[in-house]
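Report on the following structure.
Proteins come first, then strands; the chains are lettered A, B, ... in the order of their sequence lines, and each starts at number 1. Bear in mind the structure is a predicted one, so any value in this text is a computation, not a measurement.
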Amino acid sequence: MVISRFAPSPTGYLHLGNARTAIFSYLFARHYGGKFILRIEDTDRERSTKEFENMLIEDLKWLGLDWDEFYRQSERFDIYREYAQRLVESGHAYPCFCTVEELEEERKKAEEKGVPYRYSGKCRVLTREEVESFKEDGKPYTIRFKVPEGRVVVFEDLIKGHIAINVDDFGDFVIVRSDGTPTYNFVVVVDDALMGVTHVIRGEDHIPNTPKQILIYEALNFQVPKFAHLPVILGEDRSKLSKRHGAVSVRNYREEGYIPEALFNYLCLLGWSPPEEGREILSKEELISIFRLEDINSSPAVFNKEKLRWMNGVYIREVVSLERLVDEFMPFLESAGYKVDRDYVKRVLEKTRDSFDTLKDGVERLKPFFAEEISYSEEAISVLENETSRAVIESFLQKVQEVELSGEKVKAIAKEIQKELGLKAKDVWHALRAVLTGELEGVGVDILCDVLPKEIVIKRMLKALQFMG
RNA sequence: GCCCCCAUCGUCUAGCCCGGUCCAGGACACCGCCCUUUCAAGGCGGAGAUCGCGGGUUCGAAUCCCGCUGGGGGUGCCA
């Protein structure tokens, strides 16, 4: 069976890049009917927080991901301790008593000499007696993995292909910190092996770590999994997508009114493309059935907010059901301070969902449907100041009294007024629009009248007349 | 510095493995027209890539080989 995992560290909000990694890893597992594991990598006790962990989980669920197993590394320290012990006993690792200061010194010297830095291996040659006596003195120590010399680690990456790295490039690395907590390169191996992970799917920034991990797999006699390193996501300036590029967390997009399925869909298209050309709007189910690691592009992709926006619009106007859209939209109306009836919102959205790209934009555009009081823009005011506008409004008020209000009716009335007053269609509509929406652009006056209660329409007319004095 | 990865329209990409059907296809954005009471949406059309550069191999290269350049990533008692 295929087993993949997503292993975020709870040190911040779920980043778009990580979200995409999670999605690919998830799609892969589901495609093969395998298992998907979520593992919180919180071995760095300094930077990890429970709050971030909760938000990570919340965001992953919001995106539509689910997992079969859940682990938290901070709860598995006993396991790591045991395997670290084994490595020491088998001679693959050793205690190192060097202080941070000493190491800093080594690094500085290397830099001055212009040679690439790697740990000197000083403590590698400590005798048993020396080690014992240091320990008795209570000297803090780390445990380092002994990197074999002259070894070239080779692996076939499922995305990048053949990769060979000479491990002489890095020195013995720390697997257990002086405070007893294990480090990433070590725990990731122990966990992936123990959890039976068959495919390690992660960002390409992990490629340099891979040989170190393979060395540990071997030392522990674990079976080495397959690796698939995803290209990174870049910002507009082609550097790794980060906070300085603006909104880069899943949460940002959630708050801006993006539909989770749209974000999910868009993220999939960064670095991956469906085998069937031309179809880009794909549901989670479709993605699961067609997703293959082989179709992942090996070059980095620039995140394009415009296209995400467009895609979100597609989801709003034609993909999600009306009920779903209402559910998604309600919270945005509430946080904008509108107290409205769900049924009313549904009637509004049914006619207007094709005119905005994000829920937040929707709130703005649909203001005339929800706001108690509307305010006039400068352009609207200048229209209201037109002599003809008063006549239009007065006539409209009179004609609307005896009829049931609807978009069709309003069209008929507008035409009548136009004829009676000898105006251009534009003049009539502009006046009505200014009165009803306070703007000269936006939703159609007819659809506005289709759902807006008649008394509100009348109220706005009267208010306008009053405004005109 | 050293190590690693990458390179097709502005952006995401198809094609590259198995050279010719590619004077390179699709999508977003852009431009124009249509629809129209406005803005969107929608429909139709357009512009946009000498396939990073230079060498090879070949009758023929975006596709194979080599070099260069550019970009990105890594180089932690972070993950």
Side-chain angles (χ1 to χ4, degrees), chain A residues 7-11 18 41-44 46-48 96 98-100 103 107 110-111 114-118 140-144 157 159-161 163-166 168-170 173-179 181-185 187-188 202-211 229 231-232 234 236 238-240 266 269-275 277-281 294-295 297-311 313 317-318 352-357 361 365 379 410-411 414 418 424-434 437 439-446:
Chain A
S9 63
T11 53
N18 290 137
E41 308 235 319
D42 55 353
T43 54
D44 182 348
E46 300 272 301
R47 303 200 302 153
S48 304
C96 167
C98 294
T99 63
V100 211
L103 297 173
R107 189 166 297 138
E111 210 166 292
V115 288
Y117 170 73
R118 47 193 283 259
Y141 62 95
T142 60
I143 292 178
R144 279 181 190 272
D157 190 275
I159 294 169
K160 305 283 183 178
I163 295 180
I165 294 173
N166 190 153
D168 284 346
D169 295 332
F170 30 78
F173 55 91
V174 173
I175 57 172
V176 179
R177 300 186 185 88
S178 53
D179 67 358
T181 59
T183 63
Y184 168 74
N185 277 125
V187 293
V188 73
R202 70 221 316 189
E204 74 176 338
D205 42 337
H206 285 288
I207 290 178
N209 287 323
T210 309
H229 288 98
V232 289
L234 272 23
E236 300 287 348
R238 296 212 144 258
S239 68
K240 197 174 168 184
Y266 175 72
L269 262 22
L270 282 182
W272 173 85
S273 62
E277 213 183 318
R279 284 195 60 220
E280 294 192 313
I281 305 298
E294 299 92 291
D295 296 322
N297 193 147
S298 57
S299 56
V302 172
F303 175 72
N304 185 226
K305 198 173 173 175
E306 280 305 310
K307 184 153 183 179
L308 200 212
R309 211 185 150 71
W310 162 78
M311 188 168 282
R317 70 184 81 98
E318 58 194 69
T352 59
R353 64 188 294 184
D354 60 1
S355 64
F356 54 92
D357 288 331
D361 285 356
R365 184 173 173 92
E379 296 80 5
V410 169
K411 279 186 190 167
Q418 186 194 333
K424 281 185 286 186
K426 205 171 214 166
D427 299 323
V428 178
W429 288 110
H430 263 91
L432 297 179
R433 160 175 304 287
T437 72
E439 302 281 343
L440 255 36
E441 53 173 53
V443 286
V445 170
D446 57 331

Suppose we call a contact any N or O donor and acceptor under 3.5 Å apart; does that hold for the side chain of A/Ser298 and the base of B/C6? no
When rounded to the nearest 0.5 Å, the distance separating CZ of A/Arg202 from CG of A/Asp205 is 9.0 Å
Separation of B/C4 atom P from A/Asp157 atom CG, nearest Å, is 15 Å
* Reckon A/Lys240 has a side-chain N or O less than 4.0 Å from the OP1 or OP2 of B/G74? -> yes
Rounded to whole Å, the CG-P distance (A/Asn166 to B/U75) equals 18 Å
* To do: For nucleotides B/C44 and B/A49, find the distance between their P atoms and express it as a whole number of Å.
  => 24 Å
Out of B/C77, B/A27, B/C3, minimum distance to the side chain of A/Ile165 belongs to B/C3
When the C1' atoms of B/A62 and B/U13 are considered, how many whole Å apart are they?
14 Å
Winner on side-chain proximity to A/Pro300, out of B/C77, B/C6, B/U37, is B/C6
* Reckon A/Ser299 touches a base, only the sugar-phosphate, or nothing at all at heavy-atom distances under 4.0 Å? -> sugar-phosphate
Under a 3.5 Å limit on both distances, the Watson-Crick or wobble mate of B/A7 is B/U69
Checking B/C5, B/G74, B/C12 against the side chain of A/Lys307 (C-beta onward), the nearest is B/C12
Check: Hey, does A/Asn297 reach any base, or is it just sugar-phosphate, or nothing, if we go heavy atoms under 4.0 Å?
Finding: sugar-phosphate
Review point. At under 4.0 Å between heavy atoms, what does A/Tyr117 touch on the DNA or RNA strands: base, sugar-phosphate, or nothing?
Key: sugar-phosphate
**Report entry** Residue pair A/Trp310, A/Asn304: steps toward the side chain to side chain contact (heavy atoms under 4.5 Å, CB included) verdict
**Finding:** CA-CA 10 Å; A/Trp310 162 78; A/Asn304 185 226; over 6 Å; no
Atom CD of A/Glu204 and atom P of B/A7 are separated, to the nearest Å, by 10 Å
pair_partner(B/A40), Watson-Crick or wobble, both distances < 3.5 Å, evaluates to none
Would you indicate what A/Thr142 reaches in the nucleic acid, counting non-hydrogen atoms under 4.0 angstrom: base, sugar-phosphate, or nothing? base
Between A/Asp446 and A/Thr11, whichever has its closest RNA chain B nucleotide further toward 5' is A/Asp446
In whole angstroms, the gap separating P of B/C16 from NZ of A/Lys160 amounts to 19 Å
Exercise. Examine B/A27: is either OP1 or OP2 under 4.0 Å from a nitrogen or oxygen in the side chain of A/Asn304? Give yes or no.
Key: no
Q.
Could you walk me through whether A/Arg177 and A/Glu46 satisfy the salt bridge (Lys or Arg N to Asp or Glu O under 4.0 Å) test, starting with their C-alpha distance in whole Å, then the side-chain angles of each, then the deciding distance to 0.1 Å, before giving a yes or no?
A. CA-CA 12 Å; A/Arg177 300 186 185 88; A/Glu46 300 272 301; over 6 Å; no
task: Tell me what A/Leu270 touches on the nucleic acid: a base, only sugar-phosphate, or nothing, going by heavy atoms under 4.0 Å.
output: sugar-phosphate
Heavy atoms only, 4.0 Å cut-off, all strands: where does A/His206 land among base, sugar-phosphate and nothing? base
Whether the side chain of A/Arg365 and the base of B/C39 hold a donor-acceptor pair under 3.5 Å is what I'd like checked. yes
Hey, does A/Arg238 reach any base, or is it just sugar-phosphate, or nothing, if we go heavy atoms under 4.0 Å? sugar-phosphate
For B/G1, the nucleotide meeting Watson-Crick or G-U wobble distances (both under 3.5 Å) is B/U75
Separation of B/U37 atom P from A/Leu432 atom CG, nearest Å, is 13 Å
From CG of A/Asp354 across to P of B/C39 the rounded distance in Å is 15 Å
What do you reckon, do A/Trp429 and the base of B/U37 stack, with centroid distance below 5.5 Å and planes below 30°? yes
**Study point:** Flag side-chain contact, heavy atom, 4.5 Å: A/Phe173 against A/Thr183
**Key:** no
Practice problem: Sticking with atom C1', work out how far B/G32 lies from B/C16, rounded to a whole angstrom. | Solution: 36 Å
- A/Ile159 vs A/His229 side-chain heavy atoms within contact, under 4.5 Å: no
### Task
Measure up the A/Tyr266 and A/Phe303 rings against each other and bin them: parallel (under 30°), tilted (30 to 60°), perpendicular (over 60°).
perpendicular
Closest of B/A79, B/U37, B/A27 to the A/Glu280 side chain is B/A27
A/Thr43 side chain N/O closer than 4.0 Å to the phosphate oxygens (OP1, OP2) of B/A79? yes
Separation of B/C12 atom P from A/Leu308 atom CG, nearest Å, is 14 Å
Atom CD of A/Glu439 and atom C1' of B/U37 are separated, to the nearest Å, by 15 Å
(message) Check this for me: does the side-chain of A/Asp205 come within 3.5 Å of the base of B/A79 through a donor and an acceptor?
(response) no
Q. Looking only at side-chain N and O atoms, does A/Arg118 come under 4.0 Å of OP1 or OP2 in B/G74?
A. no
NE2 of A/His430 to CD of A/Glu441, rounded to nearest 0.5 Å, is 9.5 Å
Using the P atoms only, state how far B/C3 lies from B/G67, rounded to an integer number of Å.
-> 14 Å
Can you tell me if A/Ser273 touches the phosphate of B/A14, counting only side-chain N or O atoms and a distance under 4.0 Å to OP1 or OP2?
yes
Practice task
Decide whether A/Arg365 and A/Ser355 meet the rule of one side-chain donor and one side-chain acceptor closer than 3.5 Å.
Solution key: yes
Next on the checklist: Applying a 4.0 Å non-hydrogen cut-off, can you work out what A/Asp179 is touching in the nucleic acid: base, sugar-phosphate, or nothing?
Outcome noted: nothing
Q.
Please give the distance between the P atoms of B/G73 and B/C33 as a whole number of Å.
A. 43 Å
5'-most contact on RNA chain B (nearest-nucleotide basis), A/Val100 vs A/Glu306, goes to A/Glu306
Check your understanding: When the C1' atoms of B/G45 and B/C17 are considered, how many whole Å apart are they?
Key -> 37 Å
Taking B/U37, B/A27, B/A40 as options, the one with an atom nearest any side-chain atom of A/Trp310 is B/A27
Quiz item: When we call it a touch if two heavy atoms are under 4.0 Å apart, what does A/Gly271 touch: a base, just sugar-phosphate, or nothing?
Solution: sugar-phosphate
Euclidean distance for P, B/A14 against B/C6 (whole angstrom): 14 Å
The residue among A/Ser48, A/Pro8, A/Ser9 that forms side-chain contact (heavy atoms from CB on, under 4.5 Å) with A/Asp42 is A/Ser48
B/U38 and B/G26, which share atom name C1', separated by this distance in whole Å: 33 Å
- Item | Sugar-phosphate only, base, or nothing, as touched by A/Leu103 at under 4.0 Å among non-hydrogen atoms | base
Review point. Reckon A/Arg317 has a side-chain N or O less than 4.0 Å from the OP1 or OP2 of B/G42?
Key: yes
